[in-house]
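Reviewing the structure listed below.
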Amino acid sequence: WSSDVCSSDLIAAGSTYYIMVDGSSGNQEAFTILATSATSSIIGRPLPGFIPNTFSGCVPLSVFLQNTTALSGGSNITYQWRIDGASYINATGNDTTVVFSTTGSHTIDLKVCNSECGCASVTQFIDVEDLVSTITPPSGICENVAVNFSGSAQYLPDPPFTPVNIVSWDWDFGDPGSGANNVANGQLVQHAFSDSGNFTVTLIVTSADCGIDTVTSMVHVNSIPAIDPGTDQTICESDDATVTAIVTNAALPVSYLWSGVGIFTCDTCSSTLVSGLSAGGPYPIGVQVVDLNGCISDTTVNITVNPKPVTDLGNDTLVCRYSSLQLYAAMVAGNGPFTFAWSPSAGLNDSTLQNPVASISGPASYCVVVQDAIGCTSDTSCINIDLYPQPAITASPGILCATDPNPHTTLTVNGASAGSTYAWGLSPDFAMITGANADSSTIDISFPTGVAATYNFTCLEIGRAHV
């Protein structure tokens with residue numbers, strides 16, 4: 001038996017031990033072991049131990065270590081702590097605190113030694129987590145268009161899995177131009193950026209048990225296309241309007257879509273004709289533009305349709321040959337002042353007057369086109385002018401003999417209109433007219449006896465406001 005053998009190797013208190021003595025049969029005999037230490041105790045290797053107040057938590061994690069080491073006597077007792085496999089640090093046997101400032105699984109070793117039996121150590125594992133937040137930004141952001149932002153948070157590393165306990169989500173979109181809308185609260189929020197460009201979005205996540213985490217995300221906001229549809233238009237009834245969308249500040253290519261009343265020659269073109277608009281308005285004609293980034297812009301242009309002038313020339317009429325007739329273009333609709341163009345101009349005193357005078361020498365047709373103050377042109381209106389049937393004079397008898405006693409004949413005007421009056425005063429032989437009424441449709445004429453001659457008589461029919 002060696003006096004330097006420690007009880008922790010061979011001896012347990014309260015036990016009976018036997019020693020083998022010489023003898024081939026292996027006889028055993030009881031004997032007493034006398035401890036020879038100064039304190040009459042059995043010296044053993046220390047039994048190190050400590051209890052952390054927590055085995056996991058969030059960074060920075062402060063862990064209180066309660067020393068529970070059991071000593072079995074001995075001298076020159078030493079304590080040493082080691083963190084994450086680094087060098088041992090000398091310490092006392094007092095309780096201590098360790099602060100972890102990094103995440104992950106950490107080891108704490110406690111080594112306790114005495115001079116007689118040496119050293120023993122124990123290891124505990126501490127898991128340190130951190131609150132880690134992320135921002136999920138939308139793609140294809142366009143200015144002045146509300147988009148969704150979402151935040152997420154977790155404790156890492158995982159495992160061990162620890163449910164997060166979030167108290168608040170506070171957003172700052174880095175967009176002071178949006179005023180009070182620059183900030184928002186909640187895990188899922190919306191924001192419409194007031195301008196294009198790059199913006200730094202900040203999310204501050206506060207947890208109940210793992211502190212605060214701040215995360216940022218840089219987002220790019222695309223500008224929306226600028227559309228110039230031109231000024232509002234005023235057109236004339238039956239005319240077509242040309243509308244053109246001039247697009248700037250857009251990522252090419254862009255697509256177009258026109259909408260509104262009327263008929264479009266091409267509703268997906270940058271420029272199109274609009275037809276079929278009735279008089280009235282203003283009619284809003286809309287156009288929507290979508291650029292390569294998916295940014296949408298729309299606008300409208302108004303078209304007002306003025307009615308074309310409408311004129312009434314009255315009914316077709318009958319006149320006498322070589323008479324004068326004033327034409328009347330009565331305006332029914334339109335915006336004066338008006339200009340007039342009569343055709344043909346031949347026979348008119350002025351083809352640009354509203355009511356010219358026509359000299360009628362035969363059947364005629366006169367037409368007029370009217371233009372109003374804004375340039376709208378009327379449909380062509382025409383009036384047909386015909387001649388009254390020519391009155392005929394018949395003589396009864398028509399042939400007389402000079403040898404006839406008292407030659408006499410009666411002249412009668414045929415084809416005259418009712419209510420006409422007659423004048424024979426232009427007759428070269430007016431003096432031969434006899435009878436009480438020399439200016440009637442029927443007159444009597446007496447010729448001298450025995451005179452062979454030709455006589456001429458002329459009658460003017462005056463009626464129907466003509467001669």
Side-chain angles (χ1 to χ4, degrees), residues 1-130 155 157-162 209-211:
W1 181 266
S2 173
S3 62
D4 62 354
V5 175
C6 293
S7 64
S8 61
D9 292 331
L10 298 176
I11 302 171
S15 300
T16 300
Y17 292 87
Y18 298 88
I19 186 169
M20 180 70 70
V21 297
D22 292 340
S24 59
S25 62
N27 294 329
Q28 297 180 348
E29 296 180 3
F31 64 94
T32 301
I33 298 175
L34 177 65
T36 60
S37 66
T39 60
S40 298
S41 62
I42 299 175
I43 299 174
R45 183 179 297 149
L47 182 62
F50 63 94
I51 301 174
N53 67 329
T54 183
F55 289 92
S56 65
C58 293
V59 69
L61 178 63
S62 178
V63 181
F64 177 75
L65 306 176
Q66 180 183 4
N67 187 3
T68 61
T69 300
L71 299 177
S72 298
S75 61
N76 297 321
I77 305 298
T78 61
Y79 296 87
Q80 289 181 310
W81 295 95
R82 182 172 66 174
I83 308 299
D84 291 335
S87 299
Y88 279 102
I89 301 172
N90 294 327
T92 67
N94 297 329
D95 299 337
T96 190
T97 298
V98 178
V99 177
F100 294 96
S101 58
T102 60
T103 61
S105 183
H106 298 273
T107 57
I108 302 176
D109 299 313
L110 174 60
K111 183 170 71 173
V112 182
C113 304
N114 62 21
S115 297
E116 291 78 9
C117 296
C119 303
S121 63
V122 65
T123 301
Q124 298 276 21
F125 294 90
I126 306 296
D127 293 311
V128 181
E129 298 174 307
D130 193 12
Y155 297 151
D158 182 11
F161 173 75
T162 305
D209 49 13
C210 211

Point to revise | Closest contact, heavy atoms only, Gly73 versus Ile43 | key: C-CG2, 4.1 Å
Check your understanding: Within a strict 4.5 Å, meaning less than it, do heavy atoms of the Gln66 and Asn53 side chains meet?
Key -> no
Exercise for review: Kindly write out the residues that satisfy side chain to side chain donor-acceptor pair (under 3.5 Å) with Thr123, not counting sequence neighbours, or none if the list is empty.
Suggested key: Asp109
Practice item. Would you mind reporting whether Asp127 and Phe55 have side-chain heavy atoms less than 4.5 Å apart? Key: no
Check your understanding: Would Ile83 and Phe100 satisfy side chain to side chain contact (heavy atoms under 4.5 Å, CB included), going step by step from the backbone distance to the final call?
Key -> CA-CA 10 Å; Ile83 308 299; Phe100 294 96; 3.7 Å; yes
Check your understanding: Just checking, any donor-acceptor pair under 3.5 angstrom between side chains of Thr107 and Gln124?
Key -> no
Exercise for review: Using the six-membered ring of Tyr79, assess whether NZ or CZ of Lys111 lies under 6.0 Å from its centre and within 45 degrees of the ring axis.
Suggested key: no
**Study point:** Heavy-atom side-chain contact between Leu110 and Ser121 under 4.5 Å
**Key:** no
Check your understanding: Closest heavy-atom contact between Pro48 and Ala120?
Key -> CG-O, 3.3 Å
Practice item. Decide yes or no for Val98 and Leu65: does some side-chain heavy atom of the first lie under 4.5 Å from some side-chain heavy atom of the second? Key: yes
Practice item. Would you check if there is a donor-acceptor pair between the side chains of Thr162 and Glu129 at a distance under 3.5 Å? Key: yes
Practice item. Under the side chain to side chain contact (heavy atoms under 4.5 Å, CB included) rule, what do Asp95 and Phe64 come out as? Steps first, then yes or no, please. Key: CA-CA 7 Å; Asp95 299 337; Phe64 177 75; 3.5 Å; yes
Check your understanding: Under 3.5 Å, is there a donor-acceptor pair between the side chain of Ser101 and the main chain of Pro60?
Key -> no
Review point. Taking C-beta and beyond as the side chain, do Val128 and Thr102 meet within less than 4.5 Å on heavy atoms?
Key: no
Point to revise | Nearest atoms (heavy-atom pairs only) where Ser56 meets Leu61 | key: C-CD2, 3.9 Å
Check your understanding: Where is the tightest heavy-atom contact between Val112 and Pro46, given as atom of each residue plus distance?
Key -> CG1-CB, 3.6 Å
Exercise for review: Taking all heavy atoms of Asn67 and all of Gly93, pick out the closest pair and write down the distance.
Suggested key: ND2-O, 2.7 Å
**Study point:** Rounded distance [0.5 Å steps], CD1 in Ile77 versus OG1 in Thr69
**Key:** 10.0 Å
**Study point:** Student check: side-chain heavy atoms of Trp81 and Phe50 closer than 4.5 Å
**Key:** yes
**Study point:** Sequence-distant partners of Asp130, salt bridge (Lys or Arg N to Asp or Glu O under 4.0 Å), two or more places apart
**Key:** none
Exercise for review: Would you please name every residue forming a side chain to side chain contact (heavy atoms under 4.5 Å, CB included) with Thr78, sequence neighbours left out?
Suggested key: Cys113
**Study point:** Nearest non-hydrogen partners of Asn114 and Arg45, listed with the distance
**Key:** ND2-CA, 4.3 Å
